[in-house]
Amino acid sequence: GINAEYGVYYINKMSFVLPALPFEKNALAPFISAETVEFHYEKHHRGYVVKLNELAKGTPLETKSLQEIVLTEQGKAFNLAGQIWNHTFYWDSLAPHKGDKLSGKLLHDIVASFGSYDEFVNKFTSAATNHFGSGWVWLVRSADGKLEVVETHDAGNPLTQGKQPLLTIDVWEHAYYIDHRNNRGAYIAAWWNLVNWDIVEKRALA
Amino acid sequence: AEYGDLNYLLIMFAPCLKRWINPKKCTRITSAQPYLQIRSLIKPPILPYKYKTGIQPVFSPTIARQHMSHHKRMCKKLNNLMNGTGFENAKIEQILYMFRSTDYDAHVFNTASYVYNHSFMWICLTPNGKKPSDWMKNYIQNYFGSMERFEALWVSACRTIFGSGWCWLVLKNGFPVIIPTPNAGNPLGRLNMHAILTIDLWEHAYMDEYGRDRDRYVRHWLKAVDWDFVEQLIKRVCVSTRVAQHHELNLTRGGYEVDKHSGIDSYNNNPFFNMHAHYLHKTNEQETEDEESDDERDDNPDQKEEEP
């Protein structure tokens, strides 16, 4: 089924709230610097929340959850809500580097869908490196149960395609420009060190 | 190579030989196309200003240099991609035109577009900009009402792009139109479209200095525009596509608000455009009849239009 909603707190008219980071801002260093996390979270993620609250004030959007807006709206509301949802998903998919490897059912599914774990890593990395412009790259479970690597543009989300997201990487330039300038490949290589496989497995079992 | 070796002589005097070998006997572009190519390799444009000190007020020296170094890297990448294909000696515009539609060549198109779009932006800008001449001001007033309105339209067009993209001012059939394009789009290769101005709305252009504040970046960018270049480009496009400068004819009638024949009407009724007039079945009397009925309607705006 579809995952639980992110970043939705019902306060009176349900203003959208920026969820807390699941780690300290410097916890991802040296792979993603504290400066990037600070900028990405405070300026971008918070900025989207503020803008969506402004946009939703006094409109029927207020009564909708983020996921509803992503699935039903288009245009500015979709972009803002999508970005909030995607960023929350992104932060939750990261964890300070532990060095643990993937195991269990998820690994079995990955091998079944991609052939091998390395094959999956290559596919995901090349999709992320070659994606042109802003967007996100996802590991999703499609309706037939198979795992896929999917790219979306700008604020796109695979929920709109009926797929269940398990893992994501942000390939907007703001995610890596401070640390790596134009070198998206270096950012992706560093990002692999930070993937929170525990939570990805939980999502896969849901 | 040591002193006295033949290799040493070659290395020392090779730069002199270049002039003998180079068939064009020059390394600077002399053609009408604005500075986008030297010989057969794609390179960043030779700019009529020093970019290393920055392009005030929009790009600081660090940003300008960084941006230019990315540009050079992409030029190298494009040259490597073109090596071995038939396009080593092609102009960038040709590359863009050929690779714009096929799917597997999207990578080439994106790289070429990156290069072209950035080149075009560099030559549109100049430190602190160049003030528009009277001709240019009249032109903008004629089509946009005023310079302030043009700037407002430009800023709002730039706002419509979410994510990466470019915003262009193009001449479409001789009329200036503001067109925002996502990702790597550019108006090249489309009939009747000639680019005049462009702004880079990718995050790498404004993130360092303006953070998320893209509006402020666009407003600063507007202050750095080289309006003399824009004027020359408009005049050149008008001449090359044999479009008469109808806006000048309109201007003699007294300006924007008076001229009710501006826009698509002037295209049809302008004698310079009516080269095909003898194929139409409209006579001179009919034309004046139409004009008279227009005047009547303007005098009595409440009067209902009579249907023929």
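What you see below is based on every heavy atom in this structure, not just the backbone, and it leaves out hydrogens, waters and symmetry mates. Protein chains get the first letters and strands the later ones, always in sequence-line order, with residue 1 at the start of each. Just so it is clear, the model here is predicted, and its values are computed rather than measured.
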Subject >> Separation of A:N196 CG from A:W91 CH2 (nearest 0.5 Å) >> reply: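 Taking CH2 in A:W91 and CG in A:N196, the distance rounds to 13.5 Å.
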Subject >> Per-residue contact mode, B:Y114 against chain A (heavy atom under 4.5 angstrom) >> reply: side chain
Subject >> salt_bridge(B:D208, A:R181) N-O dist < 4.0 Å >> reply: yes
Subject >> Check ion pair A:K202-A:D92 (N to O, under 4.0 angstrom) >> reply: no
Original post:
Is chain B contacted by the side chain of A:H44, its backbone, both, or neither, given a heavy-atom distance below 4.5 Å?
Top reply: both
**OP:** Kindly confirm or rule out a cation-pi arrangement of B:R212 over A:Y48, judged by NZ or CZ under 6.0 Å from the six-membered ring centre and within 45° of its axis?
**Re:** yes
Subject >> Max heavy-atom pair count under 4.5 Å with chain B, selected residue of A:N182, A:I178, A:D154 >> reply: A:N182
